[in-house]
Every structure is written in structure tokens, then in C-alpha cells.
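Written below as C-alpha cells is the structure these notes are about.
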Amino acid sequence: MPHRIIAVILAYNCQNEINKTLKKILKYERYFYKVCVIDNNSKDKTFIKANTFIKSRNLKKFEIIKNLKNFGQGGSHKVAFEYTLKNNG
């Protein structure tokens with residue numbers, strides 16, 4: 001079975017940077033099985049901007065998850081691990 005690489009982007013209050021980050025990773029999309037943005041309950045428009053970027057380009061490999069509360073970096077890593085285990089089988 002070939003390796004399935006899932007890129008995970010942890011995001012918190014980065015509305016000014018998220019589109020730049022997604023544009024950069026888009027250049028390497030062909031190497032990834034999936035790309036997941038995990039918004040750690042941002043108080044700004046990070047989730048909206050990331051979701052708009054993904055939907056407007058019809059990016060099938062990209063998904064976004066919004067934590068219902070801020071889990072911190074470690075908690076968001078746990079969410080990422082759970083996501084990869086669920087989506088890499």
C-alpha cells in the first residue's frame with residue numbers, strides 16, 4: 001500500500017496569514033492525500049477565510065475542522081492525530 005500523506009495546518013487567530021499559507025501548500029497538493037486545516041476556535045475570521053479559500057477553489061482534498069473550544073496546541077495535535085487515523089485507513 002502506498003503511503004498516504006496528510007498535511008495538517010493548525011490555525012489560531014491567523015486571518016491575515018491563512019490564505020498565504022494555503023496558497024503555498026496548494027503548490028504541493030499533488031504530494032498529499034489530504035490537507036486538513038484545524039481552526040483552534042479562533043476569535044477572528046480565520047475559519048471563514050480558510051473555508052472560503054477551500055470552497056471557492058473547489059479543493060476536494062482540503063478539509064477544515066473548527067474546534068468548539070480552544071484546546072491549545074497540544075489538544076489541536078490530538079485532533080490532528082484522530083483525523084489522520086480516521087482518514088488514512
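Hydrogens, waters and symmetry mates are skipped; everything else that's a heavy atom, side chains included, is used.
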Cluster overlap [X] with [Y], hydrophobic side-chain contacts below 4.5 Å:
| X | Y | result |
| --- | --- | --- |
| Phe53 | Ile65 | no |
| Phe47 | Leu10 | no |
| Tyr31 | Val8 | no |

From [atom1] ([X]) to [atom2] ([Y]), nearest 0.5 Å:
| X | Y | atom1 | atom2 | result |
| --- | --- | --- | --- | --- |
| Lys60 | Lys34 | NZ | NZ | 11.5 Å |
| Lys24 | Glu17 | NZ | CD | 10.5 Å |
| Arg57 | Glu29 | CZ | CD | 11.5 Å |
| Thr84 | Tyr33 | OG1 | OH | 12.0 Å |

Nearest heavy-atom neighbours spanning [X] and [Y]:
| X | Y | answer |
| --- | --- | --- |
| Ala50 | Ile18 | CB-CG1, 3.9 Å |
| Tyr12 | Lys43 | OH-CG, 4.3 Å |
| Lys69 | Asn40 | O-OD1, 3.6 Å |
| Lys45 | Gln15 | N-OE1, 2.9 Å |
| Ile64 | Asn51 | CG2-OD1, 3.6 Å |

Practice problem: Could you please spell out the steps behind the side-chain hydrogen bond (donor to acceptor under 3.5 Å, both in side chains) verdict for Asn41 and Asn67? | Solution: CA-CA 5 Å; Asn41 198 26; Asn67 293 339; over 6 Å; no
Determine yes or no for a side-chain-to-main-chain donor-acceptor pair under 3.5 angstrom, with [X] supplying the side chain and [Y] the backbone.
| X | Y | value |
| --- | --- | --- |
| Lys61 | Phe32 | yes |
| Ser42 | Asp39 | no |
| Lys66 | Ile38 | no |

Practice problem: List the steps, then state whether side chain to side chain contact (heavy atoms under 4.5 Å, CB included) holds for Leu26 with Phe62. | Solution: CA-CA 10 Å; Leu26 191 56; Phe62 285 62; 4.0 Å; yes
Exercise. Would you check, one step at a time, whether the test side-chain hydrogen bond (donor to acceptor under 3.5 Å, both in side chains) holds for Asn13 with Thr46?
Key: CA-CA 6 Å; Asn13 287 347; Thr46 299; 5.1 Å; no
Practice problem: Could you walk me through whether Val35 and Glu63 pass side chain to side chain contact (heavy atoms under 4.5 Å, CB included), step by step? | Solution: CA-CA 6 Å; Val35 176; Glu63 292 186 45; over 6 Å; no
Self-check item: CZ/Phe81: more than 12 non-hydrogen atoms of other groups inside 6.0 Å
Solution: no
Quiz item: Heavy-atom distance under 4.5 Å between the side chains of Thr52 and Ile48, does that happen here?
Solution: yes
